[in-house]
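Everything below concerns the one structure shown next.
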Amino acid sequence: MSKERLVRLLVLHPDRTVLMDKLSFLGDVYVPEFFESEVSLEHFIFNLEAPVTTDLTNPAIHKINLHIERFENIHDTFKRNPLAVCLSNNHIFDYGDSGFNRTTDILDKAQIEYFGAGLNGSHFNNPFVFTFSNSKKIGVLGFCCKSTHPSKGKNATVATIEFERIANAIEELKSSVDFVVLNLHWGDEEIAIPKPLDVIMARKLVDCGANLILGHHAHVIQSYEKYKGVRIYYGIGNCIFPDFDVQSKFDGDRFTTRSRKVQARRNKRSIMVHLYEDFSVHHEFLKFESGVLAYDKSLKLRFQFLTMSTRVYNTFKFFESRKAKIIGVLQNPRKLSFGSMLNFLKGK
């Protein structure tokens with residue numbers, strides 16, 4: 001990397017020294033209201049799965065549209081503000097540039113760092129760089145897969161998952177930090193194993209120099225592995241994601257339907273990953289039930305299945321998606337039309 005580009009990178013994203021010896025990473029967070037938490041947190045980062053805005057005049061079309069009206073929901077739920085949030089996900093632009101800009105303005109005022117979305121000229125606000133109390137530097141990057149169908153602004157957008165882009169970002173960071181963390185928004189929703197191509201890419205990114213990989217988007221805990229000594233959590237699940245009933249499928253003139261989901265038990269379990277100043281990594285399990293975030297001492301990472309076969313993955317995905325739909329219908333009974341039953345049989 002050229003000296004000029006490194007200087008620009010550090011000017012855009014100045015280092016932040018934090019007197020701490022542990023940083024915790026949480027999964028997807030959507031807090032449309034205040035919730036209780038029994039989890040002890042001090043310095044933490046999570047994936048902010050919705051814009052913080054009351055301006056709903058520019059919704060994304062043909063999507064489930066999420067938003068958080070009160071920033072205080074975040075602070076009050078966790079009893080403090082996060083150190084930073086990942087914005088590289090498929091919902092942060094659900095209310096366009098307006099919703100995104102209001103979110104970043106609020107985060108700026110609260111002195112909360114953010115990364116993974118923004119203008120191309122600012123590297124999508126990547127990376128977030130901080131220094132542990134022992135002077136070790138950590139760089140955190142966020143990217144979102146196009147397969148998750150991220151909403152876009154007219155000016156800003158999310159940093160999309162492209163191998164060369166991420167590899168270059170890692171190379172740039174490696175010259176100025178001691179440890180690189182990747183947040184990758186990817187995978188198929190409700191599927192508990194990663195896509196074969198995601199496994200291939202994750203391992204290649206470790207070869208490029210990534211020291212820890214954290215995935216989200218699937219809304220369930222996915223497989224975990226160690227590759228060349230580096231921990232890859234393909235999906236750490238929902239930290240807080242309550243049942244929802246929201247307007248959706250905006251067609252350019254009006255919302256055409258409402259999207260409803262009653263979260264199943266597995267949608268309420270997540271992994272909290274701790275990074276310590278000596279670069280050791282440990283994890284704990286959380287559960288979100290009856291509006292309370294708490295530790296889950298009963299959960300273990302027993303299911304570590306990975307497949308490099310697309311045929312095996314698609315078979316697993318078919319049965320997993322059918323199971324999820326059946327659970328959804330049982331939890332939220334409704335009349336099934338002929339068309340919806342046909343889609344069910346086709347695996348859509």
Side-chain angles (χ1 to χ4, degrees), residues 25 27-28 47 88-90 141-150 158-167 169-170 180-238 263-267 269-271 273 281 283 285 299-329 340-348:
F25 292 89
D28 296 329
N47 175 56
S88 193
N89 58 67
N90 57 316
L141 297 159
F143 299 90
C144 180
C145 186
K146 293 178 182 178
S147 68
T148 68
H149 307 294
V158 297
T160 53
I161 292 179
E162 298 169 31
F163 177 76
E164 292 299 328
R165 169 180 285 164
I166 303 175
I170 293 172
V180 174
V181 181
L182 295 183
N183 283 259
L184 302 177
H185 203 73
W186 61 2
D188 286 317
E189 291 187 16
E190 305 293 339
I191 308 303
I193 63 174
K195 297 177 180 179
L197 290 179
D198 290 350
V199 176
I200 293 171
M201 177 174 286
R203 293 174 178 176
K204 285 184 177 180
L205 292 173
V206 170
D207 293 336
C208 290
N211 303 111
L212 175 63
I213 296 179
L214 306 169
H216 31 77
H217 174 67
H219 302 304
V220 295
I221 293 175
Q222 289 190 324
S223 305
Y224 152 84
E225 70 167 332
K226 281 187 180 180
Y227 172 73
K228 295 185 177 179
V230 173
R231 294 184 183 228
I232 303 173
Y233 296 87
Y234 285 97
I236 58 178
N238 291 335
Q263 304 287 12
R265 181 182 184 275
R266 67 188 201 146
N267 302 128
R269 299 297 187 272
S270 66
I271 304 173
V273 180
V281 178
H283 60 256
F285 297 95
L299 198 61
K300 297 183 183 299
L301 273 179
R302 296 189 181 94
F303 189 62
Q304 307 270 325
F305 180 63
L306 296 170
T307 178
M308 306 307 289
S309 166
T310 300
R311 178 177 295 179
V312 171
Y313 175 80
N314 286 338
T315 300
F316 181 89
K317 176 182 174 181
F318 178 85
F319 287 105
E320 281 283 279
S321 60
R322 300 288 68 67
K323 181 175 72 174
K325 286 183 180 294
I326 290 171
I327 292 173
V329 170
S340 62
M341 291 177 66
L342 186 61
N343 286 336
F344 175 84
L345 294 172
K346 291 180 177 179
K348 294 183 179 180

Gap separating the OG atom of Ser223 from the CD1 atom of Ile232, nearest 0.5 angstrom: 11.0 Å
CZ-CG distance between Phe163 and Leu205, expressed to the nearest 0.5 angstrom: 5.5 Å
Side chains of [X] and [Y]: closer than 4.5 Å at any heavy-atom pair?
X	Y	answer
Tyr234	Trp186	yes
Leu184	Met201	no
Arg203	Glu225	yes
Ile236	Ser270	no

Passing candidate, side chain to side chain donor-acceptor pair (under 3.5 Å) with Thr160, options Arg165, His185, Lys146: Arg165
Ring geometry between His283 and Phe285 (parallel below 30°, tilted from 30 to 60°, perpendicular above 60°):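 Rings of Phe285 and His283: perpendicular, over 60°.
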Mutual orientation of the aromatic rings belonging to Tyr224 and Tyr233 [parallel < 30°, tilted 30-60°, perpendicular > 60°]: tilted
Heavy-atom donor-acceptor pair, Glu189 side chain to Ala218 backbone, under 3.5 Å: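 Not a single qualifying donor-acceptor pair exists.
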Any donor-acceptor pair under 3.5 Å from Asn183 side chain to Leu214 backbone: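 No, because the side chain of Asn183 does not come within donor-acceptor range (under 3.5 Å) of the backbone of Leu214.
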No-hydrogen, no-angle side-chain donor-acceptor test under 3.5 Å, His216 and Asn89: no
Donor-acceptor side-chain pairing of Tyr313 and Asp198 below 3.5 angstrom: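 Judged by distance alone, the side chains do not pair up.
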For the student: nearest non-hydrogen atoms of Cys144 and Asn90, plus distance: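 Heavy-atom minimum between the residues: SG-N, 4.0 Å.
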Closest contact, heavy atoms only, Leu306 versus Pro194: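 Smallest heavy-atom distance, with atoms named: CD2-CG, 3.4 Å.
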side-chain contact (heavy atoms from CB on, under 4.5 Å) partners for Asp207, two or more places apart: Tyr227, Lys228
